[in-house]
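To start, the structure under review is shown below, and the notes come after it.
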Amino acid sequence: MHLGPLIHQKSYEKIEYLLRRHPITFVPKLFLSAILLLVPVIVVQLGITLFPTILQNQSLYVSGAVLGTMYYLTIILLFYGFFIDYYLDIWVVTNDRILDMEQRGIFARTVTEFDINEVQDVTTEINGFIATLFHYGNLRVTTSSSNAGIVFYQIPDPNTIRSRIIALADEDRKYHAALPSVPKN
Amino acid sequence: MLTIPLSALLIIFGIFLLIFVVFFFLNFRDVITSHAIDLSTMTVTLIVVLASVWVFGAGIAATSDVDWRTPLLSINLSSFGFNNSL
């Protein structure tokens, strides 16, 4: 992915992290899609076993074929929606900014961005057995200008990233403090 | 007696396909215009398109020998108080 044009990268800006949810969080959705794909096969096998002449009825056969096709196309689209939602939820940390690009459903996207020197609190949450096992969790960043802040959901290794964000924020604050102040007229 | 032929299913299928295609291409356009498209997105999109075409083709093949005039549903209108046969 070419991140530069996507985030309008500045000349002095260095991308520190490009983060997505941990891949393990996509597995349940993949598993659900696979189960849903298998449902018609099981239903048809069960139907043939219980009612061996069921497919000889032309109306039932055609209805089954048309509805089955619609069902499979829907599941394929559902899977694509899951993938888009997983893959296009991106958090970018640079030495100057933090960007949160969240895909909400299929047609809605929210992009939030703030300067890294505005970072006030960085909190990590690792909840549950699976999250502890695979080292992923939420990272909440609040800023001095807004109480809402942004949340990085289910990102890998949140504690390392928290330390790095705090270090980057300190460096950026020092840089801004060292800049000569612009005299007011 | 009102008889609805199997071809009525094709109308439902046609409406579904229209929604599917519009939904898919709007989604795809949204991904492209976000500049977030890369090899992974393209690969998954290609797999989704191929799978959709294959499923659609399989549906067509499964119903190629069907007589679409066969009744899907017969409704006895006299039970609703109508006397004229349609």
Side-chain angles (χ1 to χ4, degrees), chain A residues 1-9 18 20 23 26 29-30 33-34 37 40-41 44 55-90 92 99 101-111, chain B residues 3-17 19-31 33-74:
Chain A
M1 184 177 289
H2 301 292
L3 259 186
L6 185 64
I7 65 167
H8 304 290
Q9 189 175 3
L18 164 64
R20 288 194 176 87
F26 189 62
K29 289 171 181 176
L30 202 64
S33 304
L37 285 177
V41 178
V44 167
L55 290 181
Q56 286 166 15
N57 182 328
Q58 199 174 37
S59 298
L60 277 177
Y61 172 75
V62 175
S63 304
V66 170
L67 292 177
T69 307
M70 285 163 67
Y71 176 84
Y72 274 118
L73 289 173
T74 307
I75 298 304
I76 290 170
L77 200 60
L78 182 80
F79 168 76
Y80 193 53
F82 283 154
F83 173 76
I84 292 295
D85 190 33
Y86 162 76
Y87 200 73
L88 297 185
D89 266 4
I90 304 169
V92 183
L99 289 107
M101 285 173 262
E102 264 190 84
Q103 190 76 21
R104 295 178 189 275
I106 286 184
F107 298 118
R109 182 179 298 116
T110 312
V111 181
Chain B
T3 304
I4 300 169
L6 277 178
S7 55
L9 282 173
L10 289 179
I11 298 168
I12 299 168
F13 189 52
I15 294 168
F16 170 84
L17 269 186
I19 295 168
F20 177 85
V21 169
V22 169
F23 209 64
F24 182 81
F25 280 101
L26 281 178
N27 187 3
F28 186 55
R29 189 200 63 180
D30 201 40
V31 171
T33 52
S34 73
H35 303 288
I37 196 124
D38 62 358
L39 195 62
S40 308
T41 324
M42 279 306 287
T43 308
V44 173
T45 305
L46 191 67
I47 290 168
V48 165
V49 169
L50 290 177
S52 304
V53 170
W54 184 74
V55 167
F56 180 71
I60 297 282
T63 54
S64 59
D65 296 333
V66 169
D67 180 5
W68 293 98
R69 290 167 300 181
T70 309
L72 171 68
L73 203 65
S74 294

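Naming: A, B, ... by sequence-line order, numbering from 1 per chain.
A donor-acceptor pair shorter than 3.5 Å can be found between the side chains of Y80(A) and T45(B).
Contacts between L17(B) and chain A at a heavy-atom distance below 4.5 Å involve the side chain alone, from C-beta outward. Looking at L6(B), the atoms closer than 4.5 Å to chain A (heavy atoms on both sides) all sit in the side chain, from C-beta outward.
Remark: F56(B) CZ to T69(A) OG1 distance equals 8.5 Å, nearest 0.5 Å. Note that the CG atom of D65(B) and the OH atom of Y61(A) stand 8.0 Å from one another [nearest 0.5 Å].
Heavy-atom minimum distance, T70(B) versus Q58(A): OG1-OE1, 2.9 Å.
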Begin from the C-alpha positions of L67(A) and I12(B) and carry the test side chain to side chain contact (heavy atoms under 4.5 Å, CB included) through to its verdict. CA-CA 10 Å; L67(A) 292 177; I12(B) 299 168; 5.9 Å; no
I would like to know whether F16(B) and T74(A) meet side chain to side chain contact (heavy atoms under 4.5 Å, CB included); could you show each step before the answer? CA-CA 9 Å; F16(B) 170 84; T74(A) 307; 3.3 Å; yes
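Within 6.0 Å of atom CH2 in W68(B), more than 12 heavy atoms from other residues, nucleotides or ligands are found, so the atom counts as buried in its surroundings.
Chain B forms the most heavy-atom pairs under 4.5 Å with one residue out of V111(A), V62(A), V66(A), and that residue is V62(A).
Formation of a donor-acceptor pair under 3.5 Å by the Y72(A) side chain with backbone atoms of S52(B) is not found in this model. S59(A) contributes a side-chain N or O that, together with a main-chain N or O of P71(B), makes up a donor-acceptor pair within less than 3.5 Å.
For the side chain to side chain contact (heavy atoms under 4.5 Å, CB included) test with I76(A), the passing option among V48(B), L50(B), V49(B) is V48(B); the others fail.
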